[in-house]
Protein chains: 2
Amino acid sequence: MEIKVLKNVMIKNNIKAVDNKNQFLKNNVLSLNLVSSPGAGKTTLLEKTIELLNNKYKVSVIEGDLYTSRDAERLTKFNIPLVQINTEGGCHLDARMIGGALEEIDLQIMDIVFVENVGNLVCPASFDLGEEARVLVYSITEGEDKPKKYETMFKTADVVLINKVDLASACNVDIEKVEEEIKSINHNCVVFKISALNKTSLNEWIKWLEGKVERIKKN
Amino acid sequence: MEIKVLKNVMIKNNIKAVDNKNQFLKNNVLSLNLVSSPGAGKTTLLEKTIELLNNKYKVSVIEGDLYTSRDAERLTKFNIPLVQINTEGGCHLDARMIGGALEEIDLQIMDIVFVENVGNLVCPASFDLGEEARVLVYSITEGEDKPKKYETMFKTADVVLINKVDLASACNVDIEKVEEEIKSINHNCVVFKISALNKTSLNEWIKWLEGKVERIKKN
């Protein structure tokens with residue numbers, strides 16, 4: 001009985017995700033689903049990324065949080081369309097929530113929609129939002145052994161940003177070992193090593209992002 | 001329909017949690033549910049705690065993980081009863097799983113049972129396991145703003161161990177501010193500031209633990 005209901009939830013989610021995907025495609029908008037543990041640096045990455053894109057593209061952000069609007073408030077300085085979703089304790093965003101948020105965004109004039117998911121390395125892995133790519137921010141302070149422990153998330157990521165690499169030696173973590181384990185789980189994902197506070201470290205990520213936008217615009 | 005099923009799940013969990021609680025109480029065993037984000041330091045805390053208790057008490061550990069036995073393997077050196085629960089992707093432990101694990105542990109000769117939950121600051125908050133106290137390990141590397149963002153978890157904790165305090169300045173985090181926010185959400189919880197790798201910083205935590213065991217033994 002429980003399994004049946006759970007299946008229904010997943011089927012409903014995936015149908016809605018296809019709707020979202022079609023909206024993004026029709027409007028040539030790059031959509032990215034940012035996932036991570038709490039405090040891995042998704043919002044800081046967004047702040048620095050938006051600064052570095054320097055108004056080259058029209059960007060909007062859908063913020064997912066259990067209760068507060070703290071992350072969205074940090075982005076108001078950019079004067080871009082922001083939609084806050086509060087899950088009221090819920091552990092992930094789903095495609096229906098994103099569908100509702102998209103009603104508040106004029107996709108026709110957008111180039112990129114970032115979705116910042118709830119900080120959780122487990123549940124968001126199972127919910128397709130209809131995004132073009134899933135971007136996993138992994139903080140090196142979480143240790144060497146997490147990729148295999150949270151395999152579904154690492155398996156379903158298109159990009160992994162290993163963040164806070166400046167703290168690797170203080171945390172006694174071997175970055176290469178982390179990268180190797182990620183690649184052993186998911187050979188096709190793109191891995192960038194960054195320290196989100198240091199803009200130079202974001203160069204390759206920004207290039208990847210720009211390449212994606214340009215390819216989608218050509219369609 | 002969905003809400004009804006979810007309610008049933010919660011009622012079933014809470015009934016099973018009472019069973020577990022009764023088993024712990026009947027055998028005068030202190031039971032602790034360790035919760036945190038991924039990589040906040042639960043297993044390191046367990047390693048150092050078991051070392052510091054230095055065979056004064058009979059300890060066993062129930063390890064919760066999505067897929068691997070990596071945390072349990074780190075504890076085999078102590079030659080204590082260990083039970084591994086793999087949730088196969090599931091985001092939390094529930095009371096039924098703990099009930100199953102307890103069949104493998106001789107509670108009559110135990111003093112402390114530690115349960116290390118799945119690394120997740122959201123879902124485990126909603127599942128009572130029948131434990132005497134919920135112990136939240138919060139890594140300072142996760143930033144200043146998380147207590148209100150993950151309010152249910154901070155609200156339901158009996159103890160909060162603020163971990164990795166040696167990294168506070170590198171992460172530009174004000175520890176006092178974090179403690180203030182925790183206290184504003186949950187005035188009654190006990191807060192300890194630790195660096196799990198530094199055993200001296202664990203003195204107060206060990207004293208708390210010993211006090212709890214002695215009180216339970218007197219019953």
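Per chain, numbering begins at 1; letters A, B, ... match sequence-line order.
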| message | If you count heavy atoms of other groups shown closer than 6.0 angstrom to NZ of A:Lys212, is the number above 12? | response | yes

| Of the listed residues (B:Leu121, B:Val122, B:Thr152, B:Asn172), which shares the most heavy-atom pairs with chain A below a 4.5 Å separation? | B:Val122

| field | Top contributor to chain A interface from B:Ala40, B:Gly119, B:Ser126 [non-hydrogen pairs under 4.5 Å] | value | B:Gly119

| message | Before you tell me yes or no, could you show the steps for A:Lys149 and B:Glu116 under salt bridge (Lys or Arg N to Asp or Glu O under 4.0 Å), namely the whole-Å CA-CA distance, both residues' side-chain angles and the distance that decides it to 0.1 Å? | response | CA-CA 14 Å; A:Lys149 289 185 67 184; B:Glu116 182 175 346; 5.1 Å; no

| task | Look at A:Asp166, A:Asp71, A:Val118 and state which one has the largest set of heavy-atom pairs under 4.5 Å with chain B. | result | A:Asp71

| request: First locate atom CG of A:Asp145, then atom CZ of B:Arg70, and finally report the distance between them rounded to the nearest 0.5 Å. | output: 6.0 Å

| Contact origin within A:Asp65 toward chain B - heavy atom pairs under 4.5 Å | side chain

Which donor-acceptor pairs under 3.5 Å do side chains of residues 89-104 of chain A form with protein atoms, sequence neighbours excluded?
from: A:Asp94; atom 1: OD1; to: A:Arg96; atom 2: N; distance (Å): 3.1
from: A:Asp94; atom 1: OD1; to: A:Met97; atom 2: N; distance (Å): 2.9

| query | Which atom pair, heavy atoms only, marks the closest approach of A:Tyr67 to B:Lys148? | reply | CD1-O, 4.1 Å

| Quick one: does A:Lys164's side chain have a donor or acceptor within less than 3.5 Å of a partner on B:Thr141's backbone? | yes

| Hey, what do you get for CG (B:Asn120) to SG (A:Cys123), rounding to the nearest 0.5 Å? | 5.5 Å

| query | Roughly how far, to the nearest 0.5 Å, is CD of B:Glu142 from OG of A:Ser139? | reply | 8.5 Å

| field | Atom NZ of A:Lys21 with >12 non-hydrogen neighbours under 6.0 angstrom | value | yes

